[in-house]
Student: 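Pasting in a structure now, in structure tokens, and then I'll have a few things to ask.
The shown structure was predicted, so the numbers you read here are calculated from the model rather than taken from an experiment. In what follows, every chain begins at residue 1, and chains take the letters A, B, ... in the order their sequences are listed.
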Amino acid sequence: MAYADQDTGHHAGPDKFIWKYVWSQDHKVIAVQYGCTAIAVGILALVLSWLMRMQIGFPGSLEFIDPSAYYQYVTMHGMIMVIYLLTAFFLGGFGNYLIPLMCGARDMVFPFLNMLSYWFYLLSVLILLASYFVPGGPTGAGWTLYPPQSILQGTPGTDWGIILMLASLAVFIIAFTMGGLNYITTVLQARCRGLTLMRMPLTIWSIITATVLGLLAFPALFVSAIMLMFDRVLGTSFFMPYIVHMGQALETGGGSPVLFQHLFWFFGHPEVYIVALPAFGLVSDILSTHARKNIFGYRMMVWAILAIGGISFIVWAHHMYVSGMNLYLGYFFATTTLIIAIPTAIKVYNWTLTLWHGNIHLNTPMLFSIGFISTFLIGGLTGLFLGNVAVDIPLSDTYFVVAHFHMVMAIAPIMVVFAAIYHWYPKITGRMYNETLGVIHFWVTFVGTYLIYFPMHYLGFEGMPRRYYAYEGYEFISESAHSLNEFISVVAILVGVLQILFIINMLMSLKTGKLAGANPWNATTLEWQTPQTPPAHGNWGDELPVVYRWAYDYSVPGADEDFIPQNQPGELGDGREVGDDTGHSSGEGAPA
Amino acid sequence: MAQSDTVEGVEGLAQDWSSDREAFRDVPWGKGMMWIFLLSDTFIFTTFLTGYMTVRLSATAPWPVPSEVFALTLFGESIPLILIAIMTFVLITSSGTMALAVNYGYRRDKRKTFWLMIATATLGAMFVGMQIFEWSKLISEGVRPWGNPMGAAQFGASFFMITGFHGLHVSIGVIYLLVVAFKVKRGDYDNRGYEIVEITGLYWHFVDLVWVFIFAFFYLW
Ligand code: HEM
Ligand SMILES: [Cu+2]
């Protein structure tokens, strides 16, 4: 089996460039590969959002944007952002980098499978991008891909685009499964001595909970992708009702389009939390570190993560209030939706209370984390509106919904992606990023977000529908709405272009950043205690670390410094003898 | 370790989960991973079956009667579900030989383990063979994924999709069994231990179990 289970003994790792950086089985390299690929497709999705905004703010100004192109932008933008950027970044990127390091392991339990996971992910991205080069272009069905329209003539990309999209999703799910099995097994079975589950940083808790959600939710997408593919390619009628299409009765019929919606959202809602939970965990650790305070209510935070994970499987039909669903079902799903707000609110309170009387360092990661709390709170509150059937029905498919989900699951997690990249950049590269540029980047992004999305709530109330190509000539859309749209578009493009600050910062600091040292933030978690920075292959040199305390011993009274690393023995803070409260820590090696 | 070995029940579970290193004591990584994978795969088959049941209810044309469609004429008499009964019997028998293989694996009896795994793989291959026969019979009677002469088009669609996906699992299982069997014979696991036989067995039993559900929901309903 892998060498990761060996307690001692140094493993040199491969020397050849190609084995070290390309076909690498090192979780840290794989993490960076995942991250860079995700950012690359993310930039494409960002550019697509500019094109959409150009059409909405300045209709007709770009001649190549016809209705088909617009729908293709909407679809590809949404799908890339949700799946290929955020999911891949949080789990493939941060999950890969942090799980073995924070658990004191040498690598994932099955590094080869882990490597395959990345290559399958890359393949899925390539299949997705290939849809730009086939006749008819990518699909324009919307990221929800609802049949029957997604496979009927008239929707852009029904010839090839939709096939490639479904194939790409299936490959992505296979990639995710290979990675996800690794993450869970590593956390459950390959932690270092002394690291009990209740001593794990919240990052780990949230990432593996999100992974479990993925392993149980992606099957629904996988199966519905297969069925939709059959409907499209073989002419089956899983989702096709009897349809008269352009004056002609289609041969297919008798299927259930609502079935697809159920399957899609049985995946789709947990997916929101697959993106949100890792953000919760990362932000908890970043806040605690930069406020020099223990996280408030650690146990409550863990239980809240698990509760959110569990409940997220029984709320899916709040996306379907207007699909023609039994009213009592709507009642059930509205109730569960409001219930899930409770553990979520607990988390927001706990973050705030972590900051309370903290010794707050307002550096870039901290600023982005606070930005996350702010945007997540706003998005969460509008979620309470939309969770109620009576409120949702008039607001459904308006810009209010666009504003809501962008605040809560687009911008908020992106804030955390930035916070976490800045926070762990010194560990990954060994150098500090440029703080001034970072702070400017934060303010541009944060203020920009509010300027872009806040007005959309108003547009939604006015009734401006989403997924429309052209908004001129509707009486209920006022003149002021059009000027607001212009304003939003200008800001969106400006803010988008200014993200170049981030790229510049990351690239320049690789060369010119000052050396970071092992633990620039004086953080407690294990990844900051590695013998080398950046950590070498095998992470821990000759001996695996031993953990004596939880991850949040900051500002412990009586301690020499304002933090005590997890691997430091001693009585202060949470420190206990290894084995005090543990079942079998007496040290037999992990089974090979 | 000695004293915690004896703790059982809920308390033992709590102790395992609050221990360091491992949440499941002495469960090898591969086995843990296989269990998690099977959990995920369960969701895949559950979704397939839920989808099939939904379209069966939504279909407007009458659903073909399984006991008639899946009848075989033997010695001049039409016997309902006879082929499926044999297939099920074969698959369940293969679970038995697999369980024996796991047992002999842990006893390090390489020869018996090898032959029992080969027997399991053979039974699995027989199952796939009969499935191919069933498919060709239905295809020759005009059943297609997009339609069939007996009634609702969704019948053929669900049938080919679900049994196809399950048959794929069995076929992969046969290959997996053969690979592991030959490695057992070669003595690859003498140092590493024979858990791999059990892991293979987990997968194989799972595939059997899924078949029982498909049998119940598709053929008996
Ligand atoms: C620079 C920031 C962004 C801008 C300016 C932007 C803009 C837009 C626009 C204009 C739409 C189309 C709305 C419509 O016509 O219905 C849209 C849809 C969408 N966006 Fe974004 N977006 C941004 C970032 C993100 C991110 C980070 C995510 C990640 C979750 C995301 C997820 C989505 C989704 C899921 C849709 C729905 C697609 C559909 O209707 O099929 N967006 N966005
Ligand atoms: Cu939802």
Student: Please report the interatomic distance CG(A:L234) to CE(B:M161), rounded to the nearest 0.5 Å.
Tutor: 11.0 Å
Student: Say you draw a straight line from CD of A:Q189 to CG of B:D26; how long is it, rounded to the nearest 0.5 Å?
Tutor: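 Rounded to the nearest 0.5 Å, the CD-CG separation comes out at 9.0 Å.
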Student: Determine whether more than 12 heavy atoms belonging to other residues, nucleotides or ligands lie under 6.0 Å from atom CG of B:N191.
Tutor: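 12 or below, so no.
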Student: What are the two closest heavy atoms between A:T236 and B:A157, and how far apart are they?
Tutor: CG2-CB, 3.7 Å
Student: So how far is it from B:M33 CE to A:T186 OG1, rounded to the nearest 0.5 Å?
Tutor: 6.5 Å
Student: Is the count of non-hydrogen atoms from other residues, nucleotides or ligands lying under 6.0 Å from B:Y189 atom OH greater than 12?
Tutor: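 Enclosed.
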Student: In sequence, state the C-alpha distance, the side-chain angles, and the governing distance for B:F48 and A:I226, and then conclude on side chain to side chain contact (heavy atoms under 4.5 Å, CB included).
Tutor: CA-CA 10 Å; B:F48 269 126; A:I226 291 181; 4.1 Å; yes
Student: Let me know if B:T46 has heavy atoms under 4.5 Å from chain A in its side chain, its backbone, both or neither.
Tutor: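 For B:T46, neither part sits under 4.5 Å from chain A.
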Student: For a side-chain contact (heavy atoms from CB on, under 4.5 Å) with B:L39, tell me which candidate from A:I184, A:L216, A:L215 qualifies.
Tutor: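 For B:L39, the side-chain contact (heavy atoms from CB on, under 4.5 Å) check succeeds only for A:L216.
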Student: Below 4.5 Å from any heavy atom of chain A, which atoms of B:W17 appear? Answer side chain, backbone, both or neither.
Tutor: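 Contact with chain A involves both backbone and side-chain atoms of B:W17.
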Student: For A:F238 and B:V55, which heavy atoms make the closest approach, and how far apart are they?
Tutor: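 Nearest pair, atom of A:F238 first, then B:V55: O-CG1, 3.4 Å.
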Student: Using side-chain contact (heavy atoms from CB on, under 4.5 Å) as the criterion, point out the one residue from A:S237, A:S256, A:P241, A:P257 that pairs with B:S58.
Tutor: A:S256
Student: Quick check on the interface: out of A:L195, A:V223, A:T177, A:V212, who has the most heavy-atom pairs with chain B under 4.5 Å?
Tutor: A:V223
Student: Counting heavy-atom pairs closer than 4.5 Å to chain A, which one of B:W146, B:F43, B:F45 comes out on top?
Tutor: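 Highest number of heavy-atom pairs under 4.5 Å: B:F43.
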Student: Quick check: do A:H262 and B:T50 have side-chain heavy atoms less than 4.5 Å from each other?
Tutor: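 No - every pair of side-chain heavy atoms lies 4.5 Å or more apart.
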Student: Can you tell me if CH2 on B:W35 sees more than 12 non-hydrogen neighbours from other groups inside 6.0 Å?
Tutor: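 No, not enclosed.
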Student: Measure distances from A:D231 to the heavy atoms of chain B and classify the residue's part below 4.5 Å as side chain, backbone, both or neither.
Tutor: neither
Student: Considering all heavy atoms of both residues, which atom of B:I36 and which atom of A:T185 are nearest to each other, and what is their separation?
Tutor: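 Heavy atoms only, the tightest pair is CD1-OG1, 3.9 Å.
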Student: OH of B:Y106: more than 12 outside heavy atoms within 6.0 angstrom?
Tutor: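 Enclosed.
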Student: Looking at A:M200, A:M198, A:R191, A:M227, which makes the most heavy-atom pairs under 4.5 Å with chain B?
Tutor: A:R191
Student: Minimum heavy-atom separation for B:W29 to A:A190, with atom names?
Tutor: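 Distance-wise, the nearest heavy atoms are CZ2-CB, 3.7 Å.
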Student: Taking atom CD of A:E251 as the centre, does the number of heavy atoms from other residues, nucleotides or ligands within less than 6.0 Å exceed 12?
Tutor: no
Student: Does any heavy atom of chain B fall under 4.5 Å from the side chain of A:F260, the backbone, both, or neither of them?
Tutor: neither
Student: Looking only at heavy atoms, what is the nearest atom pair of A:P219 and B:I44, with distance?
Tutor: CB-CG1, 3.4 Å
Student: Under a 4.5 Å heavy-atom cut-off, does chain A meet the side chain of B:F165, its backbone, both or neither?
Tutor: side chain
Student: Quick check on A:L263 against chain B: is it the side chain, the backbone, both or neither that has a heavy atom closer than 4.5 Å?
Tutor: side chain
Student: To the nearest 0.5 angstrom, please state how far the OG1 atom of B:T47 sits from the CZ atom of A:F266.
Tutor: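 So the OG1 of B:T47 and the CZ of A:F266 are separated by 7.0 Å.
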